[in-house]
Every structure is written in structure tokens, then in C-alpha cells.
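Structure first, then comments.
The structure displayed is predicted, hence computed values, not measured ones. Each chain gets a letter, A, B and so on, in the order its sequence line appears, and its residues count up from 1.
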Amino acid sequence: MSKKPQTVRGMNDILPEVAASWQYLEKEVETVIEAYGYRQVRLPLLEHTEVFRRSIGEVTDIVEKEMYTFDDDGDSLTLRPEATASMVRAGITHGLFHNQKQKLWTVGPMFRRERPQAGRYRQFHQFDVEAMGYDGPDVDAELIVMSARLWARLGIDRIRLEINSLGVPESRVAYRDALVEYFNGVKNQLDEDSIRRLDTNPLRILDSKNPDMQDVVAGAPVMMDYLDEASAEHFEGLRALLDVAGVEYEINPRLVRGLDYYSRTVFEWVTDALGAQNAVCAGGRYDGLIEKLGGRPTPAIGWAMGVERFVALYEACGGKIPEVRPDVYLVAVGEGTLERAFALAEELRADLDGVRVETNLGGGSFKSQMKRADKSAATYALILGEQELSEGRIGLKPLRGNDEQESIALGDLASVLKQKLSGQGSQQE
RNA sequence: GUGAAUGUAGCUUAAUGGCAAAGCCCCAGACCGUGAAUCUGGUAGAUAUCGGUUCGAGUCCGAUUGUUCACCCCA
């Protein structure tokens, strides 16, 4: 055990069984996202540290203590802790926002140096969807509806939507001041964390889970009362569209996000199925970010979904992953059969596109080859022995039913298989 | 980052401080050219790591490390 190398803390190997779940679910997500006209981009994992400092915010936990940052010959580089900043940077770099709107998505690993826990890892994975150049609220609603469609499609029901509006920066500043004033007035009732946040991020005090704090929090001023008129109208527009789409939501006036760049619409899909890691998919509008990073003023909104949490939630909701198994397993025993079987397998793969043909590798007795065929869960075993070879035929044995083994002329094999496999589908439960 | 629990074969789990076990998995055979059932046999652990207490430590103590739970944070 001691000699076995270990993964770096908080980093996971995704082994075949789990990877199969990921593959299946990632494909589902892509199908939904692309149905809304979003196009995929693939971005570097490394950015100049400055990109994240300026977008996420200097005083956020992510920037202050969770980033993997290193010096690269005088350049400070950072493994991306989230995708939005990189997406915006890429758009600016390539002029994607010059009189253009963009609907983009990406998926991949993110890195945050947090203390690991189930559903929280130092390398984790996110789907990220961003719409730039749209000032909403129709696009706000569409992005939320898109995620709702995904849950519905996959039978994910232990999830609910919370929305809020943070207003424009000016109204947010006014609100923040009011909040600080209120909390300072009741400072003797605040817990240690909240007193600390008073200086750093007073909005987060609203998020406190400390039961002793609930009364204090309940009496705090509410963001909605500080919203500027345009933001309030925007929010009403979003609500109306969500109603039209039949998406249920809850207005959570205490919903704030941990990244500084958000403005107006923020939302979070939360679940009770994953313990403390209850946010599965969350996002919001960031109308000031593109300009802040050096682009033209461009409104934008997006969301990110944690793949690990998404997969866990799917399973918690009873979701199943379709098994992928071979269609045929080719057994070859006896003089000269290996060579013929090897060539035959290639012929089948060429003639029957997409059919999964597994050949027995490494020899073995007839019995052990048949055992492997059974264990592979293939639909059929193809049996090529000396007798079959001399007759130009091959045995086709169903492994998943009581049907008799058939003898097929080698020349007819491809067409017979094609018929049999299309008749019952190449995938079963 | 704070507090707590936990770590024994690939997996699941045994072992009053006294010889480290079992089931599953895997391999082979019983069975001749036919898988699954049954039976027989076989492979495999420096009990996470380092140190301490003890005649003797998987078991007790300390540190380290991984994982997990809550906080924190967030996807």
C-alpha cells in the first residue's frame, strides 16, 4: 500500500465505470445545450493570474486562498478556478464581441485549493454556458429554462431554483452600505465569521447557516428595496418569462454569489441530495465584466454546472446509465483460426459500422474463451474452430437467451449479423 | 482554513493486546469443442506511513497522510 503512488489530494481518477456515467451524461448535456444554439469552445487551463484577479475579485476566497498560481519565468500564471473569466478573455482576445453576439459553451476541469469533501474537489469539472451581447431578460430566462429542460429530460427532481437580482453596481453599493450600517448596529449579535465578513463581503452574512444568526439576518435590509428601476423591470421580465415556461422558482433575497462580477440576475439550482454541497448549477448576469477585462461594454450572462455533483444528483434521483456491451465476441480455437478470426473481426468492423466486435485476445482454452465471451456481456459469441474453418462457416451463439446456436457461412456473416442486431437493437439494458 | 470520524487483499468485511481470516473477484481443473449453476484447488496483504508504550501492537498513544462529515466556501 505504501509503495503505491497516490493521486494528489482532492484529485480523482475517473475509472471506466464512472467514466461511462460521465460520457453518457455529458452527451445528454451537450444535446440540450446545442439545441439552444450554443457553440462549443475549448480553452486553455492556464491564464495570466490577472485575468482571475480582475474578474472574480481581489477579496474573494477563490482569489485570496484557493488558486493554484505559479511563476513562469516572470509571468504569474494560474490554473483556472472557473470558466467565465477565460471565456470572456477569449472573446476579447479574438474580437468575438465586436458588434456580435455570442452563445458559447465549454466543459472541462477547474482547480481550487479547497479542503476536499464529497462533491468538492481540488480538480473538479464544470459545464459552462455563456451568452454575450444580450441584455435580456429573455436570454436570462432561456438559460434557466435550458437547465430546467436538462433536469426534466433526465428525471432529476430533487432540485429547486432560487433567483434574485443584485441590481446594477450603483444600487448594489447603496445596498451594501445600508447592510453594513445595519449589521454594525447589531454587531454584538454577530458571530465571528460574520464580523469578519462585515469588512470583506457583507452580502455573504445573509448566507450564514448559523441558526443563532437567523433573527439578525431576517431583520436586515432587503436588496429588492434598493434595486434601481431598470433592474427591477428586468427582474419582472425574467419572472414573467419563467412563468410562461412553467419553471417554478423561489425568490431568495439573500442569494448572493461569491464572485464579484455578477450584476442583476443571479440564480442557483440547489438540491437536498448532496449534503453540504447543495449548489449543482448556478450563474448570473455579469454586464460589467467584459469591459472590465478590456473589451467594449457588453452585457452577458451564464451559468456553470458541476459535473461531479450533477452525476451524483442524477444517481441520487434514481437515474440509470445504459450499459455499453459488445455485440459480438469472437472466439477462435485451433490451428489457423486466430489469423482468420483476426481478419474476420476487421471485416465486420468495416462492414458493420458502429457494431462492437470484441475478439478474444491472448488465446486460452475453448472453455476459458467462452467464459470471457460470457463475461464480456456480448449479445452473441462467434465461434471459429478448425472444423468451421475448413467448412467456411462459423458458429453464432446467442449468449443472452435460449436460442440455439446457428452455423453461418462466413460470406453471409455480415448480412446475418446486421439483420439480427438491427432487429433487437445493439444496446440492451 | 476550523472541529470531528475513519483507513485490514482489487472489492466487502472479520480478528478479548497473543499464529492476520472469510466471502466476492481473478486463474485453473472436474468437463472431450461451448459460457452462466455446482464442486475442487490456486494466486494475492510488508493491517495507509513514521515513531512510541509493551515480553508481545491490526488493536493503545503521538505525528504524518488519504478519505469522509459539519463549518467555511462554492459548481
Quick check: any donor-acceptor pair below 3.5 Å linking the side-chain of A/Q277 to the base of B/A70? no
Ignoring hydrogens and angles, write down the donor-acceptor pairs under 3.5 Å from the side chains of residues 130-139 of chain A, residues two or more places apart or on other chains.
residue : atom : partner : partner atom : Å
A/E130  : OE1  : A/Y286  : OH           : 2.5
A/E130  : OE2  : A/T84   : OG1          : 2.8

Going by 5.5 Å between centroids and 30° between planes, is there a stack of A/F310 over B/A75? no
Quiz item: A/R120 side-chain donor-acceptor pair to B/C72 base, under 3.5 Å: yes
Between A/N12 (side chain) and A/I14 (backbone), is there a donor-acceptor pair under 3.5 Å? no
Round to a whole Å and report the spacing from CG of A/N360 to C1' of B/G33. 14 Å
Of the listed nucleotides (B/C74, B/U34, B/A28), which one gets closest to any side-chain atom of A/R309? B/C74
Using atom CD of A/E82 as one end and atom C1' of B/C74 as the other, report the distance to the nearest whole Å. 11 Å
Okay, side chain of A/N164, backbone of A/P253: is any donor-acceptor separation there less than 3.5 Å? yes
Within residues 34-51 of chain A, residues whose heavy atoms come under 4.0 Å of RNA chain B: none
Report, one pair per line, the protein and nucleotides 65-67 of chain B atoms (nitrogen or oxygen only) whose separation is under 3.5 Å.
residue : atom : partner : partner atom : Å
B/U67   : OP1  : A/G10   : N            : 2.9

Do A/D327 and A/Y380 have side-chain N/O donor and acceptor atoms under 3.5 Å apart? no
Give a yes or no answer on whether the side chain of A/Y182 reaches the backbone of A/D177 with a donor-acceptor pair at less than 3.5 Å. no
Just say parallel, tilted or perpendicular for the rings of A/W151 and A/F310, cut-offs at 30° and 60°. tilted
Any donor-acceptor N/O pair under 3.5 Å between B/G33 base and A/E388 side chain: yes
Between A/R400 and A/T379, is any side-chain donor less than 3.5 angstrom from a side-chain acceptor? no
Please determine, for the side chain of A/R196, which listed nucleotide (B/G33, B/C72, B/C74) has the closest atom? B/C72
Looking only at B/G33, B/U34, B/A28, the nucleotide nearest the A/Q405 side chain is B/U34
Listed nucleotide nearest any side-chain atom of A/A279, set B/A75, B/C25, B/U34: B/A75
Give RNA chain B the dot-bracket treatment, 5' to 3': Watson-Crick (N1-N3 with N6-O4 or O6-N4) or G-U (N1-O2, O6-N3) under 3.5 Å, [ ] crossing, | other strand. (((((((..((((....[..)))).(((((.......))))).....(((((..]....))))))))))))....
Can you name the atoms? Protein N/O to nucleotides 37-44 of chain B N/O, anything below 3.5 Å, with the distance.
none

Residue from A/R80, A/R53, A/R89, A/R54 passing salt bridge (Lys or Arg N to Asp or Glu O under 4.0 Å) with A/E47: A/R89
Mind telling me whether B/A46 is syn or anti, cutoff 90° either side of 0? syn
Inspect the contact between A/R349 and A/E346 and indicate whether a charged nitrogen and a carboxylate oxygen are less than 4.0 angstrom apart. yes
Short N-O contact, A/R340 and A/E388, less than 4.0 angstrom: no
For the side chain of A/Q369 and the backbone of A/A332, is there at least one donor-acceptor N/O pair under 3.5 Å apart? yes
Tell me the interatomic distance from A/N278, atom CG, to B/A70, atom P, rounded to whole angstroms. 10 Å
Could you please name the option among B/C71, B/G35, B/A75 that lies closest to any side-chain atom of A/K371? B/G35
Where does the angle between the aromatic ring planes of A/Y175 and A/Y226 fall among parallel (under 30°), tilted (30 to 60°) and perpendicular (over 60°)? tilted
Please report, rounded to the nearest Å, how far the P atom of B/C74 is from the CG atom of A/D128. 16 Å
Quiz: residues 105-114 of chain A side-chain donor-acceptor pairs under 3.5 angstrom, not counting sequence neighbours:
residue : atom : partner : partner atom : Å
A/W105  : NE1  : A/E34   : OE2          : 3.2
A/T106  : OG1  : A/V41   : O            : 2.6
A/R112  : NE   : A/P81   : O            : 2.8
A/R112  : NH2  : A/P81   : O            : 3.0

Backbone N or O of A/I205 within a donor-acceptor pair of the A/S208 side chain at under 3.5 Å? no
